[in-house]
2 protein chains.
Amino acid sequence: MATMLEVAKLAGVSKATVSRVLTGNGYVGQETKDRVWQAIEECGYRPNLLARNLATKRTQTLGLVVTNTLYHGVYFSELLFHAARMTENQGRQLILADGKHSAEEERAAIQYLLDMRCDGIIIYPRFLSVDEIDELIQQHEQPVLVLNRRLRRNLSHCVYCDQARTSQNAVEKLIQQGHRDIAFITGSLDSPTGIERLSGYKAALAEHNIPLQDALIVDGKWTPATGSAGVDTLLDRGVSFSALVASNDDMAIGAMKQLQSRGLRVPEQVSVVGFDDIALAPYMMPSLSSVKIPVTEMIQEIIHRLIFMLDGGEFKPQPSFLGELIARDSLGAGPQG
Amino acid sequence: MATMLEVAKLAGVSKATVSRVLTGNGYVGQETKDRVWQAIEECGYRPNLLARNLATKRTQTLGLVVTNTLYHGVYFSELLFHAARMTENQGRQLILADGKHSAEEERAAIQYLLDMRCDGIIIYPRFLSVDEIDELIQQHEQPVLVLNRRLRRNLSHCVYCDQARTSQNAVEKLIQQGHRDIAFITGSLDSPTGIERLSGYKAALAEHNIPLQDALIVDGKWTPATGSAGVDTLLDRGVSFSALVASNDDMAIGAMKQLQSRGLRVPEQVSVVGFDDIALAPYMMPSLSSVKIPVTEMIQEIIHRLIFMLDGGEFKPQPSFLGELIARDSLGAGPQG
DNA sequence: TTGTACGCGTTATCAT
DNA sequence: ATGATAACGCGTACAA
């Protein structure tokens, strides 16, 4: 490939002048400028970004680490779509690294982006603990921001949704509709999100003096299959419920199908609510409701903050985000039709 | 950040020795090796990949360009998921660049990856013509492979699905079920995929001596809204049909909903078939069938080929892939129930 | 087995 | 306004 030196020779100037023409830094006569551009065209010169970035110590890239398990489905698409769009609006490039499915691989992905000298990094952690992340942030000079976790020491470096409060609000809405027997399928309880959504459910019941029935709670692991298994468990226990909250949409969908195949009508006999917003996609049947987490706003906020930090700003901690229950046909009924 | 020089000083050796320890190239005594590792730990040294890649002229990265319009939905997730997995299995990193929504931006994305000195590039073109891509491939020394296009001059550089034949096969399956009045909603006809799926439909009819009715064909633009509008157009024209093929799943879903809201039962009165495989996702109702395009196999093939080229191999052109109609409940019926 | 010195392709700081 | 030249951090012949 043609380098700057060849362009310089062709135009009869020095490397320095070519560089000046390219970057716009420093004065250069109009006539030589023309000659340089012509030489560039002539030999199809393209700048080597590796060399440029090495020299300037900036790469104009933002790194994003997301776990493998999130790659499937609409949530990830939305996240990536907005992240890429916003990054490029700022004249930078987004680089995605796969966090795969273990803490070690998550660390490796982050390390790779750091070694690549990304100007800043956003992580959507799944296996790393808050403490480890907090430490990581302080070890590296590049700003490392965190999505979906409430950090302890670096509050200005995280953007998250109050999952507990969001869950509580959603369940309260069901209670206001008249539901009292509300079943709950948890997410993986090794994830903060899973834990918080469960605790929100409990808080809502407590707030309204509805006794907590352990028999109404079953464990799930985020997948449609576990949602459907959860319904089996509930029905086999012989408990009755007029509403079912699943900790994400995948499980809500699995649950709904299983309810139907066991002869229960959704939403007439059981209202089903999920989280995230697959259930709100245009191609879903309107028999499910879902709690929409504001991904777009969150990714927007985090990138704004990151850019601001890169430009040398200091950020004060911001309040957390809140999800909102989007009711579809499924919530009109109330219990027992 | 600590550089190699600092590590060298700390260990009392030269840069070269540190480099040898790190890369594993060249002999180095066990004792000094230990000292070097210790020094590395001590100052938290991390290699600068920009410098390393500049020196070695290899980046161990593969670039992927995909249009913005594909970012939504399951198809893209699958593509990206497998691409990332396979790339990293080969010890390299996948870098994603947004092709956005114009030819110019698609070019820019490719150019960025080239300037970054990715070892190889995969493009999933949307706006670039086959001729331009063919030219591009020959201009650059990095291998540039192409997904979903049949190139003219560089057949070994493309992996694609025979959309026309795939579409034809699917329609023939409907004909074999007894359907004769089969409506068709096209995709955007500025895209090869859209054109080929339509021509496959026509070919199937011709093959079975079923006269082509222009009134059974309506234009769509890939979105659910255009699928639903297509159904309106068809019904307003007063034509009758027992099956409806939409050129992708999004339109099939829009169409199905519109059929239902205008009082037609799916699939009892009208069988609906889409393309890609959203309709096959676990959360979809089983009232839609879909033609599954083998994305996984295709991305696998293209990455294998790319790696092979990077290792200096020459590839002979391979046959194209074929999609397959996955029948669900919706195909059992045949016309008129 | 280890060190010296040069090259990778830019940018940036000096002079001129 | 332009040209030398020294970084940037690393790999690697070549020499010792």
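Numbered from 1 within each chain, the chains take letters A, B, ... in sequence-line order. In what follows, every heavy atom counts, from backbone to side chain, and hydrogens, waters and symmetry copies are set aside.
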### Task
Could you tell me the separation between the CZ atom of Arg35(B) and the P atom of dT1(C), rounded to a whole number of Å?
14 Å
### Task
Find which nucleotide of DNA chain D each of Val13(A) and Leu49(B) is nearest to by heavy atoms, and output the residue with the more 5' nucleotide.
Val13(A)
#### Entry: d(CE, Met116(A); P, dC10(D)) in whole Å
15 Å
### Query
Between Thr32(B) and dT2(C), is there a side-chain N or O to OP1/OP2 distance below 4.0 Å?
yes
### Query
What string of B, S and - do you get for nucleotides 8-16 of chain C, 5' to 3', when a contact is any protein heavy atom under 4.0 Å?
BBBBB----
### Message
Between the side chains of Asp134(B) and Arg152(B), is the shortest nitrogen-to-carboxylate-oxygen separation below 4.0 Å, so that they form an ion pair?
### Response
no
#### Entry: Test item: side-chain donor near acceptor, Arg149(A) and Tyr160(A), under 3.5 Å
no
### Query
Is Glu132(A) salt-bridged to Arg107(A), going by a charged N under 4.0 Å from an acidic O?
yes
### Query
When you check the gap from the basic side-chain N to the acidic O, do Glu88(A) and Lys100(B) get nearer than 4.0 Å?
yes
### Query
Does Ala84(B) offer a backbone N or O that forms a donor-acceptor pair with the side chain of Asp98(A) under 3.5 Å?
no
### Task
Under the side-chain hydrogen bond (donor to acceptor under 3.5 Å, both in side chains) rule, what do Gln30(B) and Asp34(B) come out as? Steps first, then yes or no, please.
CA-CA 6 Å; Gln30(B) 184 58 47; Asp34(B) 293 341; 3.0 Å; yes
### Task
Mind calculating the distance between OH (Tyr27(B)) and P (dC14(D)) to the nearest angstrom?
17 Å
### Task
Send over the distance from Asp34(B) CG to dT1(C) P, rounded to a whole Å.
14 Å
### Query
Atom NZ of Lys9(A) and atom P of dT2(D): how far apart are they, to the nearest Å?
20 Å
